[in-house]
**Q** 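One structure coming up, written as structure tokens, with questions to follow.
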Amino acid sequence: MDRKKLFITTTLPYVNAEPHIGHALEFVQADTIARYFREKLGKENVFFNIGTDEHGLKVYTTAQRENMDIRAFVDKYSQRFRDFCKLFFVEYDYFYRTSSTDHHKAAQEFWKRCEAKGDIYKKKYSGLYCLGCERFITEKELVDGKCPDHGIVPELKEEENYFFRLSKYREHLLDWINSNPGVLKPKQKLEELRAIIKDIEDVSISRQRKNLPWGIEVPNDPEQVLYVWFDALTNYVNVVGFGSDEKKLKEWWPGIQLFGPDNLRFQAVIWQGMLISAGLEHTLRLLEHGMVLSSDGTKMSKTKGNVISPFEQEKKYSAEIVRFYLLTGILTYADSAYKEDDLVNMYNSRLVNNFGNLLHRVLHLSNRYSVEINNESTVEEDFKQSVSKYVREIEGYYNDYEIAYAGESIDRLADWGNKYITEREPWGSKVSAKERENILNNLSYLLQLVIHFYTPIIPSSSELAKKALYDRENIILFKKI
RNA sequence: CGCGGGGUAGAGCAGUGGCAGCUCGUCAGGCUCAUAACCUGAAGGUCGUUGGUUCGAAUCCAACCCCCGCAACCA
């Protein structure tokens, strides 16, 4: 792929609750990818989008329950996500908000495109309607056949809504994934995706305004608002110029999308169908990260009381250590249990004992023997070659968005450095002054690479390490916990 | 029989017909420039269960058990 620009986006979290550990995972993964490619392709060639999804019934009713003005409510929670990003060193290029007027316009434009294609039609929908909630509720929500909030049996009710002709694109979507099986990571999920596509039916994409006043008006029908999914999904192209700047859109789209396992249907099927309808290209890569499970390997839930809070973890260990664990201590593309013991082990063994200790050894010896380091031109050729093997491996993983594997590989490089220094013994009288300088200079080169490749994962510590190496300041970068 | 993924050492994983491995952790010895690392060795497995195919099964087949996610308006 010789395209230079890279657009990367997370899904937009729904703002009816506080950020959770799953958001943290997705954000820091996307941030790491963005940081790596900014370095590789140039800052101006990467565009990293993040944001909040602010419409929909859940948001509306939660705001009412909290007795807040809807606008103030979404502002508050959207800000929580921004703060969250800041806390975990997530540097986005754009923070998208679906309540913005630009988004409203672009989403309506998207609707019109699909409509012009003949893919939107009106149809009666019948479902279970709770008079207490004044809304349709799903069978799954029911407790003993009753609405959990009002304790009454919902009645069957009909409502007329707009539908998107997704079924029209069934074959098209199957052809697409069959001819591009690499579009989805991890590949084990392809079967699931095929199964979902085979079963697709048209989807409802609007709600009656009288039930849900908080939303984007359907073009030419003030009685209806866009269903939140249809509205929110369009952000991925709107943010890079859809409906406003065709040239910009061409430059950036298609891009790569990160999402969680609960989102496969929406990102890889409905959204892809919408893209065809609007005459746009499919997403370049769909990266489905794993689910963060509680320490016993089961799903976190409030009722079970096993929820891990990213804020508490940050307080306990610091944002970078949490970041490091989420990125390299658990699997990038499979469900993983979040275990604090593993977090501590991983940090101690990789950052404290391996990377941190090597940095300390090299700086300490360079200072003690007043040796020149950081001179790349005099690094020995066979040392460079040994190191380049690791470099290729690390770059290969990063280029394939395999963050955890890249992290392991960096760890192996630092480990090799520790073995090298132990073997060569650049201390005492066994080596000449010249040899000592060569060895330590070689290692400073290796450390620069380790720091460089760790930067997307632990940006702040890497910055400190870089400075310490350059200034030959003998610091304890990571303290053992 | 709704769809899909998974079950291998204390933990996390690799291994798709040929002596059960890797990383971390644990224990012992050596070494020491270092937050210590490195080297050597050790302990630790009924490969989810049962049955089948095969000279030979973690691997192929069947059934079952357990875990995880999804299941049309659930972010």
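Since the structure is predicted, the reported quantities are computational estimates derived from the model, not experimental observations. Letters go in sequence order (proteins before strands), and every chain restarts at 1.
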**Q** Starting at the 5' end of RNA chain B, which residue's closest nucleotide do you reach first, A:P13 or A:D262?
**A**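 Whichever sits nearer the 5' end wins; that is A:D262.
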**Q** With a 4.0 Å cut-off on heavy atoms, is A:T11 in touch with a base, just the backbone sugar-phosphate, or nothing at all?
**A** nothing
**Q** For A:F73 and A:Y77, take the angle between the two ring planes, folded into 0 to 90°, and tell me which bin it lands in: parallel under 30, tilted 30 to 60, perpendicular over 60.
**A** tilted
**Q** Look at the side chain of A:R207 and the base of B:C73, then say whether one donor and one acceptor between them are separated by less than 3.5 Å.
**A** yes
**Q** My understanding is that a pair needs two contacts under 3.5 Å, Watson-Crick or G-U wobble. By that rule, which nucleotide pairs with B:C38?
**A**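 Across all strands, the one nucleotide that pairs with B:C38 is B:G30.
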**Q** Considering every strand and a 4.0 Å limit on heavy-atom distances, what is the contact class for A:F259: base, sugar-phosphate, or nothing?
**A** nothing
**Q** Specify the separation, in whole Å, of atom CG of A:L447 and atom C1' of B:A34.
**A** 13 Å
**Q** Return the nucleotide paired to B:G45: Watson-Crick means purine N1 to pyrimidine N3 with N6-O4 or O6-N4, wobble means G-U with N1-O2 and O6-N3, both under 3.5 Å.
**A** none
**Q** Pairing check on B:C13: which nucleotide meets the Watson-Crick or G-U wobble criteria with it, both distances under 3.5 Å?
**A** B:G21
**Q** Can you check whether A:F110 reaches A:E115 side chain to side chain, under 4.5 Å on heavy atoms?
**A**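 SC-SC contact between A:F110 and A:E115 ruled out.
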**Q** Could you tell me how far apart A:R361 (CZ) and B:A34 (P) are, to the nearest whole angstrom?
**A**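 For the pair A:R361 CZ and B:A34 P, the rounded distance is 10 Å.
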**Q** Rounding to an integer number of angstrom, what distance separates B:A37 and B:A20 when you compare their P atoms?
**A** 33 Å
**Q** Does OP1 or OP2 of B:C33 have a side-chain N or O of A:H364 closer than 4.0 Å?
**A**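 So the side-chain polar atoms of A:H364 never come under 4.0 Å of the phosphate oxygens OP1 or OP2 of B:C33.
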**Q** Between B:G5 atom C1' and A:K185 atom NZ, what is the distance in whole Å?
**A**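 So the two atoms are 16 Å apart, to the nearest Å.
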**Q** Could you check whether the side chain of A:T422 and the base of B:C38 have a donor-acceptor pair of N or O atoms closer than 3.5 Å, going by distance alone?
**A** no
**Q** Starting at the 5' end of RNA chain B and moving along, which residue's nearest nucleotide shows up first, A:D411 or A:L365?
**A** A:D411
**Q** Is a donor from one side chain sitting under 3.5 angstrom from an acceptor on the other, for A:N442 and A:Y420?
**A** yes
